[in-house]
Amino acid sequence: KGKRAFIAGVADDNGYGWAIAKSLAAAGAQILVGTWVPALNIFESSLRRGKFDESRVLPDGSLMEITKVYPLDAVFDNPEDVPEDIKTNKRYAGSSKWTVQEVAESVKEDFGTIDILVHSLANGPEVTKPLLETSRNGYLAVLSASSYSYVSLLKHFLPIMNPGGSSISLTYIASEKIIPGYGGGMSSAKAALESDTRVLAFEAGRKRKIRVNTISAGPLRSRAAKAIGFIDMMIDYSIANAPLQKELSADEVGNSAAFLASPLASAITGTVLYVDNGLNAMGVGV
Ligand code: NAD
């Protein structure tokens with residue numbers, strides 16, 4: 001029987017979340033996505049108007065179907081957490097049940113269970129600032145949006161994940177090596193995400209036989225990456241210096257996620273899988 005995937009962090013057709021959705025759909029999975037509340041209207045209307053039809057084409061020529069789009073803000077766990085200014089904000093007021101707990105409940109009501117959980121989101125208010133100039137609030141906010149959001153998603157979805165299921169997040173090598181410009185504590189957030197991948201692999205493995213892995217992806221010109229401001233430089237650097245001198249396509253990361261989610265990876269958990277044309281293995285640029 002086909003598997004069901006929930007992918008958090010899809011709001012256009014440029015990012016890793018979209019590419020992962022496509023690879024999972026091509027492998028026969030049913031696709032549910034979680035879209036950041038402020039981006040929901042544009043995403044849904046673009047989908048409806050056919051703006052993404054070209055990028056919905058799967059290898060067999062059919063179009064990827066997104067069975068349901070859920071509004072989501074992964075920095076809030078339940079309605080009690082939501083402050084007044086967000087509740088009354090007009091970009092949020094039009095949607096409901098978008099905290100992590102409520103989304104998991106809605107998915108349970110609609111579909112019962114899932115097999116695959118993907119976290120493809122990150123956000124930091126001070127990501128363009130060096131760490132030395134990052135405020136406490138900025139640092140805590142990036143950890144909340146980019147690291148704890150994953151702990152929270154897995155915690156709330158785990159009870160509805162079928163044993164043998166798989167959970168995947170996206171990380172970046174700035175967690176372990178100095179990448180100047182990846183600021184605001186985003187490098188710290190990725191270090192936390194990678195460490196949590198190991199601990200969560202243990203806990204979710206023992207509790208429900210769920211595998212937990214993260215993909216350390218190379219640079220992609222996504223919306224989030226453009227906001228950091230140095231993405232073209234990182235792409236050029238990778239093409240110049242990586243063992244494989246080609247631009248990384250989002251589909252290559254999508255296919256790796258489909259592998260990790262499949263029975264082919266049934267003994268792989270707690271790992272950081274590099275999907276970066278091998279750049280991580282270089283010691284110096286040549
Ligand atoms: P993207 O813009 O496609 O994805 C980020 C998504 O996060 C967006 O859809 C945004 O709406 C969503 N989001 C932000 N805050 C949210 C919140 N509070 N609740 C719910 N959703 C929220 O960009 P991307 O680069 O594909 O990012 C996906 C993942 O890949 C991120 O974890 C990112 O750090 C990681 N990654 C990206 C690169 C790269 O070069 N693009 C490299 C390595 C890792």
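Note that the structure is a prediction, hence the values are computed from the model and not measured. No hydrogens, no waters, no symmetry mates; every other heavy atom, side chains included, goes into these values.
Note on Val69 and Met64: same hydrophobic cluster, where clusters join Ile, Leu, Val, Met, Phe, Trp and Tyr whose side-chain heavy atoms are under 4.5 Å apart, directly or indirectly. Side-chain heavy atoms closer than 4.5 Å link hydrophobic residues (I, L, V, M, F, W, Y) into clusters, and following such links, possibly through other members, connects Val272 to Ile173. Criterion: ILVMFWY side-chain heavy atoms under 4.5 Å apart, direct or through other members. Under it, Leu264 and Ile210 are not part of a common hydrophobic cluster. Note on Ile31 and Ile160: separate hydrophobic clusters, where clusters join Ile, Leu, Val, Met, Phe, Trp and Tyr whose side-chain heavy atoms are under 4.5 Å apart, directly or indirectly. There is no path of hydrophobic side-chain contacts, each under 4.5 Å, that joins Ile215 to Tyr274.
Side-chain atoms of Leu273 and Ser256, non-hydrogen and from C-beta on, do get closer than 4.5 Å to each other. Considering only heavy atoms from C-beta on, Ile114 comes within 4.5 Å of Met161 through its side chain. Side-chain contact between Ile179 and Phe230: present, with at least one pair of heavy atoms (C-beta onward) separated by less than 4.5 Å. Glu65 is listed as a side-chain neighbour of Arg56, based on a closest heavy-atom distance under 4.5 Å. Inter-residue side-chain proximity for Asn213 and Leu260 is flagged as met; some heavy-atom pair is nearer than 4.5 Å. Phe43 places a side-chain heavy atom less than 4.5 Å from the side chain of Val33. In this structure the side chain of Lys190 reaches within 4.5 angstrom of the side chain of Tyr182, judged on heavy atoms. Counting only heavy atoms from C-beta outward, the side chains of Tyr150 and Ile168 never approach each other to under 4.5 Å.
Distance check, rounded to the nearest 0.5 Å: CG of Asn78 to NZ of Lys97 gives 14.5 Å. Residue Lys226 holds its NZ atom at 10.0 Å from CD1 of Ile231, rounded to the nearest 0.5 Å. One distance of note links CD1 of Ile178 with OG of Ser187; it measures 10.0 Å at 0.5 Å rounding. In this structure, NZ on Lys155 lies 9.0 Å from CD on Gln101, to the nearest 0.5 angstrom. Interatomic distance, CG of Asn241 versus CE of Met282, reported as 6.5 Å (0.5 Å rounding). Here the CG atom belonging to Asp12 is positioned 9.5 Å from the OG1 atom belonging to Thr35, to the nearest 0.5 angstrom.
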For Arg49 and Glu44, what are the C-alpha separation, side-chain angles and deciding distance, and is it a salt bridge (charged side-chain N to carboxylate O under 4.0 Å, His left out)?
CA-CA 9 Å; Arg49 295 201 322 264; Glu44 286 199 302; over 6 Å; no
Determine, stepwise, if the pair Asp60 / Ser62 fulfils side chain to side chain donor-acceptor pair (under 3.5 Å).
CA-CA 6 Å; Asp60 72 356; Ser62 68; 2.6 Å; yes
Quick one: do Thr99 and Glu102 satisfy side-chain contact (heavy atoms from CB on, under 4.5 Å)? Show the steps, please.
CA-CA 5 Å; Thr99 66; Glu102 292 170 294; 2.6 Å; yes
Hey, mind stepping through Thr171 and Glu194 against side chain to side chain donor-acceptor pair (under 3.5 Å) and telling me if it holds?
CA-CA 7 Å; Thr171 186; Glu194 291 173 24; 2.6 Å; yes
Between Arg221 and Asp232, does the side-chain contact (heavy atoms from CB on, under 4.5 Å) criterion hold? Intermediate values first, please.
CA-CA 7 Å; Arg221 208 176 279 99; Asp232 291 314; 2.6 Å; yes
Does Leu220 form a side-chain contact (heavy atoms from CB on, under 4.5 Å) with Tyr16? I'd like the steps, not just the answer.
CA-CA 8 Å; Leu220 173 75; Tyr16 283 134; 3.2 Å; yes
Give the intermediate values and the outcome of side-chain contact (heavy atoms from CB on, under 4.5 Å) for residues Ser152 and Val75.
CA-CA 9 Å; Ser152 179; Val75 306; over 6 Å; no
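Proximity of a side-chain donor or acceptor of Asp77 to a complementary backbone N or O of Val100 within less than 3.5 Å is not detected. With hydrogens and angles disregarded, a donor-acceptor distance shorter than 3.5 Å links the side chain of Asn89 to the backbone of Arg91. Under the 3.5 Å distance criterion, the side-chain polar atoms of Gln245 are matched with a main-chain donor or acceptor of Ile239. In this structure, the side chain of Lys22 engages the main chain of Ser55 through a donor-acceptor pair within 3.5 Å. A donor-acceptor distance shorter than 3.5 angstrom exists from the side chain of Thr269 to the backbone of Val212, with no hydrogens or angles considered. Of the possible polar contacts, one joining the Arg211 side chain to the Ala265 backbone as a donor-acceptor pair under 3.5 Å is found. Proximity of a side-chain donor or acceptor of Ser266 to a complementary backbone N or O of Pro263 within less than 3.5 Å is detected. Distance alone, capped at 3.5 Å, places no donor-acceptor pair between the Ser146 side chain and the Ala189 backbone. In this structure, Ser195 contributes its side chain and Ala191 its backbone to no donor-acceptor pair below 3.5 Å. Counting only distance, with no hydrogens or angles, the side chain of Ser120 and the backbone of Gly17 share a donor-acceptor pair below 3.5 Å.
Annotation: side chain to side chain donor-acceptor pair (under 3.5 Å) contacts of Asp73 (sequence neighbours excluded): Trp36, Tyr92.
Heavy atoms of other residues, nucleotides or ligands lying less than 6.0 angstrom from CD1 of Ile42 number 12 at most.
Ion pair Asp110/Lys68 flagged as a salt bridge, since at least one NZ, NE, NH1 or NH2 atom sits closer than 4.0 Å to an Asp/Glu carboxylate oxygen. For the pair Arg198 and Glu203, the salt-bridge criterion is not met [side-chain N within less than 4.0 Å of a carboxylate O].
No option in Ser147, Ser169, Ser149 other than Ser149 meets the side chain to side chain donor-acceptor pair (under 3.5 Å) test with His119. For the ring pair (Phe, Tyr, Trp, His ring centres under 6.0 Å) with Phe157, the qualifying choice from Tyr70, Phe6, Phe111 is Phe6, the only one to do so.
Residues Leu24 and Ala261 come closest through the heavy atom pair CD2-CB, 4.0 Å.
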